[in-house]
Amino acid sequence: MTSKIIGTGSYAPAQVVTNDDLAKIVDTSDEWIASRTGIRERRIAVDEGTTDMAVKAARRAIDNAGVEVSEIDVIVLATTTADNCCPAGACQVQAELGADKAVAFDLVAACSGFLFGLNVVNAFIQTGVYRTALVIGSDHLSKIVDWSDRGTCVLFGDGAGAAVIQASETGIKHMVMGSDGMKGSILSCVARTGGNFLNGKTPELGYLQMNGQEVFKFAVKKVPECVTQILDESGINIEEIKYFILHQANFRIVEAAAKRLHQPIDKFPMNMDKYGNTSAASVPILLDELNQEGKLKRGDKLVLAGFGAGMTWGAALMEW
Ligand code: ACO
């Protein structure tokens with residue numbers, strides 16, 4: 001017994017912010033951003049948060065799967081930008097959906113979050129604990145980005161992607177995930193710090209800080225490494241893979257992965273031009289786009305992989 005993705009959904013806020021729009025608030029240009037990252041525009045949430053986006057993506061995934069909300073046993077929301085410290089965003093999603101039979105919790109693994117969530121629910125399903133799961137990646141990065149820092153603000157966007165996963169004879173073949181906390185400082189965002197009644201300090205909220213070149217080096221090494229690992233451990237020839245659905249941070253990272261894996265770039269769909277880096281949402285948004293466009297056929301072999309703050313990484317090999 002394994003688990004299978006039986007439905008996908010995604011949601012991106014309506015407000016488009018182009019590179020030219022950003023060039024009006026920081027010293028940058030469409031040419032610089034597009035040539036370094038492949039990003040042309042991103043969606044920014046104006047009057048909605050992580051949970052709102054998650055609920056919209058989840059409803060679409062549930063419709064696409066054709067399951068009843070009452071069938072969902074577990075809801076995992078992967079996010080680094082939950083609306084509240086508590087209750088967990090997943091519990092808010094549960095309430096909005098009326099999924100009263102489910103257990104719901106959040107998972108923080110930054111851009112690898114959706115893959116970590118998939119791995120967790122797959123383990124629950126494989127061991128017979130649960131049968132049907134909802135995994136959502138939703139991030140509202142625009143609220144933690146320093147909009148005066150051109151080195152980071154041009155890279156990110158807001159959005160959500162979701163998948164319904166159910167027990168099945170075929171589907172997920174193998175997953176890997178990993179973390180290297182020793183590299184944590186290269187990509188971080190300090191949360192509520194410092195304040196209590198004894199030290200008299202006011203709690204502060206930080207902004208996303210990144211050493212772009214170190215993150216880049218980490219990604220171009222780690223992504224091909226974990227893809228190679230799942231293929232080797234599964235005994236699957238890389239030529240059998242139809243699509244490599246990678247975290248959409250930067251087209252140069254995706255191109256470098258394709259080159260290191262000796263695979264043609266057309267096996268690596270990309271959509272960061274429209275959304276920027278949506279963190280935990282990026283892999284499920286891309287997966288949903290491919291699904292909605294009819295590009296995925298039952299039996300296709302897919303690899304999903306990503307990396308993110310932590311530093312973290314993860315990959316999944318599945319038969320669609
Ligand atoms: N517009 C114009 N110039 C800029 C901008 C900008 N938006 N940002 C930086 N620059 C300047 C820098 O100040 C620097 O100028 P200098 O040479 O005068 O000092 C110059 O451009 C080159 O800067 P680099 O940082 O060396 O540029 P690089 O080619 O490395 O590209 C980038 C930067 C795009 C951030 C790249 O390093 C990258 O993509 N890294 C990976 C980032 C990533 O994937 N982050 C997401 C992680 S996933 C997660 O968990 C959130």
Side-chain angles (χ1 to χ4, degrees), residues 17-42 50 78-81 107-117 137-159 161 177-181 183-191 206-224 226 246-257 270-273 275-286 304-315:
V17 174
T18 65
N19 291 346
D20 286 335
D21 293 331
L22 292 182
K24 292 176 193 149
I25 61 165
V26 286
D27 182 11
T28 191
S29 66
D30 178 51
E31 196 283 318
W32 193 96
I33 302 168
S35 63
R36 303 279 172 130
T37 69
I39 299 165
R40 292 270 175 196
E41 58 187 44
R42 70 286 294 139
T50 297
T79 185
T80 315
T81 51
L107 185 157
V108 180
C111 308
S112 312
F114 180 78
L115 285 152
F116 276 42
S138 181
D139 266 311
H140 187 185
L141 287 167
S142 64
K143 74 177 178 186
I144 62 166
V145 161
D146 177 353
W147 288 98
S148 65
D149 174 15
R150 67 179 182 171
T152 52
C153 77
V154 302
L155 303 175
F156 300 101
D158 301 329
M177 57 183 184
S179 53
D180 181 355
K183 291 198 168 65
S185 63
I186 65 176
L187 181 51
S188 66
C189 181
V190 175
Y207 289 115
L208 196 72
Q209 310 262 354
M210 183 182 71
N211 181 331
Q213 288 183 3
E214 286 303 314
V215 174
F216 194 94
K217 276 193 262 173
F218 174 87
V220 296
K221 181 167 178 287
K222 216 30 132 176
V223 172
C226 68
L246 304 188
H247 173 46
Q248 300 291 291
N250 183 317
F251 82 99
R252 290 188 293 145
I253 294 175
V254 177
E255 279 184 352
M270 289 186 245
N271 65 5
M272 77 279 284
D273 58 326
Y275 302 114
N277 176 350
T278 56
S279 194
S282 97
V283 168
I285 289 177
L286 182 56
L304 278 50
F307 66 94
M311 296 298 284
T312 56
W313 62 92

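As the structure is a computational prediction, the values presented were derived from the model and not from experiment. Counting convention: from 1, in listed order, for ligands and their atoms alike. This chain uses plain numbering: 1 for the first residue, then up along the sequence.
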ask   = So which heavy atom in the protein is nearest atom 1 (N) of ligand 1, and how far is it from that ligand atom?
value = T28 OG1, 2.6 Å

task = Just need the protein heavy atom nearest to atom 11 (C) of ligand 1, so name the residue and atom and give the distance.
result = R150 NH2, 3.6 Å

request  = Below 4.0 angstrom from a heavy atom of V154, which ligand 1 atoms are there? Numbered from 1 as shown, please.
outcome  = 7 (N)

task = Find all atoms of ligand 1 within a distance of less than 4.0 Å from any non-hydrogen atom belonging to A110, and give their numbers and elements.
result = 50 (O)

inquiry  = If we only consider heavy atoms of T312, is any one of them less than 4.0 Å away from an atom in ligand 1?
reply    = no

inquiry  = Looking at K143, I want to see if its NZ is surrounded by more than 12 non-hydrogen atoms of other residues, nucleotides or ligands under 6.0 Å.
reply    = yes

query = Does the protein put a heavy atom less than 4.0 Å from atom 18 (O) of ligand 1?
reply = no

inquiry  = Given 3.5 Å as the limit, does a donor-acceptor pair link the side chain of S29 with the main chain of W32, or not?
reply    = yes

key: N/O donor-acceptor pair under 3.5 Å between R40 side chain and A34 backbone   = no

inquiry  = Please list, in number order, the atoms of ligand 1 under 4.0 Å from a heavy atom of D27.
reply    = 1 (N), 2 (C)

task = Check ligand 1 against H247 and write out every atom of the ligand that is under 4.0 Å from a heavy-atom position of the residue.
result = 48 (S)

message = A side-chain contact here means heavy atoms from C-beta on lying under 4.5 Å apart; do T80 and C189 qualify?
response = no

Side chain S138, main chain T50, donor-acceptor under 3.5 Å = yes

ask   = Do you know which of F307, W313, F114 makes side-chain contact (heavy atoms from CB on, under 4.5 Å) with H247?
value = F307

query = Is it true that E214 and K217 have a side-chain N and a carboxylate O under 4.0 angstrom from each other?
reply = yes

Test log, rule side-chain contact (heavy atoms from CB on, under 4.5 Å), inputs V26 and C153 = CA-CA 9 Å; V26 286; C153 77; 4.1 Å; yes

note = Closest to atom 45 (N) of ligand 1 among protein heavy atoms sits M210 SD, 3.2 Å

request  = Please confirm whether the backbone N or O of I39 pairs with a side-chain atom of N19, one donor and one acceptor, at under 3.5 Å?
outcome  = yes

Closest non-hydrogen atom pair, V223 against A305 = CG1-CB, 4.4 Å

query = Do any nitrogen or oxygen atoms of T37 come within less than 3.5 Å of a nitrogen or oxygen of ligand 1?
reply = no

ask   = Does even one non-hydrogen atom of I253 get within less than 4.0 Å of ligand 1?
value = yes

task = For R36, take its heavy atoms, then give the atoms of ligand 1 lying under 4.0 Å from any of them.
result = 22 (C), 27 (O), 28 (P), 29 (O)

query = With a cut-off of 4.0 Å, which atoms of ligand 1 are near a heavy atom of A249?
reply = 44 (O)

task = Give yes or no for whether the N/O distance cutoff of 3.5 Å, strictly under, is met between N277 and ligand 1.
result = no

ask   = Looking just at side-chain N and O atoms, do T37 and N250 make a donor-acceptor pair shorter than 3.5 Å?
value = no

message = Walk me through whether T152 and Y207 qualify under side-chain contact (heavy atoms from CB on, under 4.5 Å).
response = CA-CA 10 Å; T152 52; Y207 289 115; over 6 Å; no

ask   = Would a search of protein heavy atoms around atom 3 (N) of ligand 1 find one under 4.0 Å away?
value = yes

Any N/O pair G212/ligand 1 closer than 3.5 Å = yes

remark   = atom 10 (N) of ligand 1: closest protein heavy atom, distance to 0.1 Å, is W32 CZ2, 3.4 Å

message = When you compare the side chains of T278 and D139, does any donor N or O come within less than 3.5 Å of an acceptor on the partner?
response = no

task = For A309 and ligand 1, answer yes if some heavy atom of the residue is under 4.0 Å from a ligand atom, otherwise no.
result = yes

query = In terms of atom number and element, which parts of ligand 1 are under 4.0 angstrom from non-hydrogen atoms of G308?
reply = 50 (O)

ask   = Does the protein put any heavy atom within less than 4.0 Å of atom 51 (C) of ligand 1?
value = yes

inquiry  = Quick test of your reading of the structure: of R252, Q213, K217, whose heavy atom lies closest to atom 31 (O) of ligand 1?
reply    = R252

ask   = Ignoring hydrogens and geometry, is there a side-chain-to-backbone donor-acceptor pair from Q248 to S282 under 3.5 Å?
value = no

ask   = Do you see a protein non-hydrogen atom under 4.0 Å from atom 24 (P) of ligand 1?
value = yes

query = What residue and heavy atom of the protein are closest to atom 48 (S) of ligand 1, and at what distance?
reply = C111 SG, 3.0 Å

request  = Starting from atom 47 (C) of ligand 1, locate the nearest protein heavy atom and write down its residue, its atom name and how far away it is, to 0.1 Å.
outcome  = L187 CD2, 3.4 Å

query = Going by the atom numbers of ligand 1, which of them fall below 4.0 Å from some non-hydrogen atom of V215?
reply = 41 (C), 42 (C), 43 (C), 44 (O), 45 (N), 47 (C)

message = Give me the nearest non-hydrogen protein atom to atom 39 (O) of ligand 1 as residue plus atom name, then the distance to 0.1 Å.
response = N250 ND2, 2.7 Å

message = Can you tell me if A219 contacts ligand 1 (heavy atom of the residue under 4.0 Å from the ligand)?
response = no

query = Does some side-chain heavy atom of L22 sit less than 4.5 Å from a side-chain heavy atom of R42?
reply = yes

request  = Taking the side chain as every heavy atom from C-beta outward, state whether L155 and M210 have any pair of such atoms under 4.5 Å apart.
outcome  = yes

